[in-house]
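Structure record follows, encoded as structure tokens.
We count residues from 1, following the sequence as given. In this text, all values refer to a predicted model and were calculated from it rather than measured experimentally.
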Amino acid sequence: KTLIFSAWLMVPRMLSSLISYEVERRTVGNAASVDLQEKDARKYFHTKKERRHPIPQLVFSQKKAEDGESANNMSNFALLFPSTTLASSFDPKDALLHRRSLDEVREQVVARLRRAIDEAQLQNYSTSRGEPERWYWAAPLLLDRHTGFVELSDWLFSDSLRDDSWYFDDENKDGSSKAKHFAEFAQCFREPMDAKLGPIPGDLAEVLADMAIASPAVVALRTVSQQFQSSFYDRTLFAFDMAHEFLTLFNKPESIASIRLTTEQATYWRRVLQYCVDGCLQSVLDEFVHVLKPDCPSIWELYDRLIDSMNLGTASIKVDDLNSFLSEKRRNMRCHYAVDLGNQRIETEDGKKRIKGIRQNFNSPFRPFVLATTSIGQEGLDFHTYCRKIVHWNLPSNPIDLEQREGRINRFKGLVIRQQIAAKYRDHITEESLGDGDVWDALFDAAEKNERLGTGKCELIPFWHVEADRF
């Protein structure tokens with residue numbers, strides 16, 4: 001990420017709006033990101049009655065059936081359901097220790113899942129009149145049904161789940177489309193023969209392998225299981241709600257366009273899954289949790305912090321062009337990829353909340369990726385977690401202010417420190433040094449052993465400073 005400082009109040013507003021506009025132009029405005037089914041032309045400025053395009057893809061709609069309306073988007077559960085079987089079929093630490101490539105990991109996981117499919121005798125639930133596509137969301141559920149029936153049954157049919165999960169918010173209680181989708185998902189667990197499952201697809205094991213590697217729900221389950229000794233109910237709820245938040249992220253117009261531009265043609269949920277595999281979502285989440293864990297000692301403190309960091313709302317800046325200036329009707333330009341800090345009204349609750357949200361989101365692997373600020377951001381605020389680049393739009397009047405600016409990213413376990421340690425010491429990790437612990441803890445232990453212990457150097461090394469081989 002990039003941090004931009006300016007002494008002029010208008011610069012952060014100008015940069016955040018124009019950079020975000022350019023990102024939209026290259027993604028949403030790119031003709032290659034337009035789906036063939038889109039009828040309305042895309043445009044940047046639209047009225048309040050018009051919808052922005054592309055519209056959300058991971059929705060929960062219903063379709064007419066003989067017995068009324070039925071769920072039409074059950075495939076969302078391929079990204080939403082935290083399958084214990086899929087989570088245990090892939091061990092990221094083992095892949096790291098043995099230096100396995102993605103193709104080698106896939107091959108290993110596919111073999112394990114084919115055995116699991118045979119052992120669970122999933123072919124017994126196939127019907128000639130069913131839909132093969134339904135297997136992609138049903139198979140993980142039925143695999144878990146085979147190995148952990150009681151715990152999963154208690155979770156699926158728990159009355160507490162409807163009150164605890166953000167999936168069932170006030171607008172999606174009993175009778176809503178989302179509730180009907182979940183009811184059909186749970187009914188598949190109870191009566192698999194009624195799930196209208198067709199012949200097993202030939203690529204089922206391969207798709208399940210990608211889900212095991214990078215489905216948001218499975219990744220979250222694997223991470224929280226590594227970090228906390230929690231109950232089945234808590235860790236499954238944690239992963240389910242985290243995946244639900246990822247669905248919100250992947251439903252944003254900029255996200256949809258970016259995913260379409262970087263993945264091969266397929267249904268959208270399959271493209272999202274491929275995007276998560278290519279971006280190594282497991283590594284992203286593991287690193288972020290390592291950064292947050294000292295300030296989030298409990299599973300739900302970590303959950304709240306993660307949720308707060310993922311979906312910063314899009315802000316608007318009012319601008320004028322010739323026509324709007326003459327008509328006194330100003331236009332709104334969206335700020336999302338880049339945002340400004342310093343123009344919010346800090347005396348209001350909304351202003352304070354916005355500033356806190358910007359700081360938390362910038363200190364995460366999620367958007368915004370550019371933060372433009374005035375002197376308000378140069379003292380007392382840390383932006384080092386995912387940023388190592390500073391741009392001085394203009395130089396401050398004294399060297400102390402310059403040092404204050406630079407100090408925003410030169411902090412404890414900052415991004416530049418983690419990058420250097422990962423590059424220098426990834427080959428130092430062994431099965432013995434890693435054990436059951438965290439990969440990042442093992443990396444910092446190796447760095448401390450090689451760079452500080454026995455050398456007489458201060459304890460700032462390697463957490464604040466590492467001798468660089470590159471960068």
Check whether NZ of the Lys or CZ of the Arg [X] lies under 6.0 Å from the centre of the six-membered ring of [Y] and within 45 degrees of that ring's axis.
X      : Y      : value
Arg367 : Tyr337 : no
Lys293 : Phe228 : yes
Arg235 : Phe240 : no
Lys178 : Tyr167 : yes

Side-chain donor or acceptor of [X] paired with backbone N/O of [Y] under 3.5 Å:
X      : Y      : result
Lys1   : Phe366 : yes
Thr374 : Ser6   : no
Tyr44  : Arg334 : yes
Ser20  : Ala338 : yes
Asn361 : Pro368 : no

May I ask you to test the [X]-[Y] pair for a side-chain heavy-atom distance under 4.5 Å?
X      : Y      : answer
Met333 : Leu18  : yes
Leu141 : Phe185 : yes
His384 : Arg408 : no
Phe246 : Thr248 : no
Cys387 : Phe362 : yes
Ser177 : Val59  : no
Arg330 : Phe325 : no
Gln57  : Trp269 : no

Going from [atom1] on [X] to [atom2] on [Y], what distance comes out if it is rounded to the nearest 0.5 angstrom?
X      : Y      : atom1 : atom2 : value
Phe250 : Glu245 : CZ    : CD    : 11.5 Å
Thr373 : Leu15  : OG1   : CG    : 11.5 Å
Leu79  : Leu247 : CG    : CG    : 6.0 Å
Leu221 : Phe81  : CG    : CZ    : 9.0 Å
Tyr233 : Glu151 : OH    : CD    : 14.0 Å
Phe168 : Arg162 : CZ    : CZ    : 4.5 Å

Any salt bridge linking [X] with [Y]? Criterion: basic side-chain nitrogen under 4.0 Å from a carboxylate oxygen.
X      : Y      : value
Arg270 : Glu133 : no
Glu38  : Arg260 : yes
Arg26  : Glu254 : no
Glu50  : Lys43  : yes
Arg106 : Glu206 : no
Arg331 : Asp321 : yes
Arg134 : Glu184 : yes
Asp340 : Arg13  : no

Could you pull out the closest heavy-atom pair between [X] and [Y], with the gap in Å?
X      : Y      : value
Phe182 : Leu156 : CE2-O, 3.6 Å
Leu237 : Ser165 : CD1-CB, 3.7 Å
Ser324 : Val319 : OG-O, 4.0 Å
Met310 : Leu249 : O-CD1, 3.7 Å
Arg42  : Thr27  : NH1-O, 4.3 Å
Arg52  : Ile55  : O-CG2, 3.6 Å

Could you go through the ring pair (Phe, Tyr, Trp, His ring centres under 6.0 Å) check for Phe149 and Phe189 one step at a time?
CA-CA 9 Å; Phe149 184 92; Phe189 175 88; 5.0 Å; yes
Using only heavy-atom distances, determine whether the side chains of [X] and [Y] contain a donor-acceptor pair under 3.5 Å.
X      : Y      : result
Asp203 : Tyr136 : yes
Arg271 : Thr267 : no
Gln227 : His290 : no

In sequence, state the C-alpha distance, the side-chain angles, and the governing distance for Tyr386 and Phe288, and then conclude on side chain to side chain contact (heavy atoms under 4.5 Å, CB included).
CA-CA 9 Å; Tyr386 283 90; Phe288 192 31; 3.4 Å; yes
Could you go through Glu287 and Lys413, starting from their C-alpha distance and side-chain angles, then the distance that decides it, and tell me whether this counts as salt bridge (Lys or Arg N to Asp or Glu O under 4.0 Å)?
CA-CA 11 Å; Glu287 181 179 5; Lys413 285 189 177 180; over 6 Å; no
Step by step, would you call Arg359 with Asp382 a salt bridge (Lys or Arg N to Asp or Glu O under 4.0 Å)?
CA-CA 8 Å; Arg359 288 173 56 191; Asp382 295 337; over 6 Å; no
Step-by-step side-chain hydrogen bond (donor to acceptor under 3.5 Å, both in side chains) determination, Asp286 to Gln226:
CA-CA 9 Å; Asp286 284 345; Gln226 166 73 29; over 6 Å; no
Which word best sums up how the rings of Phe238 and Trp300 line up, parallel for under 30°, tilted for 30 to 60°, or perpendicular for over 60°?
tilted
side-chain contact (heavy atoms from CB on, under 4.5 Å) with Ser89: of Leu208, Val109, Leu143, only one passes, and it is Val109
Under 6.0 Å from the OH atom of Tyr275, do we count more than 12 heavy atoms belonging to anything else shown?
no
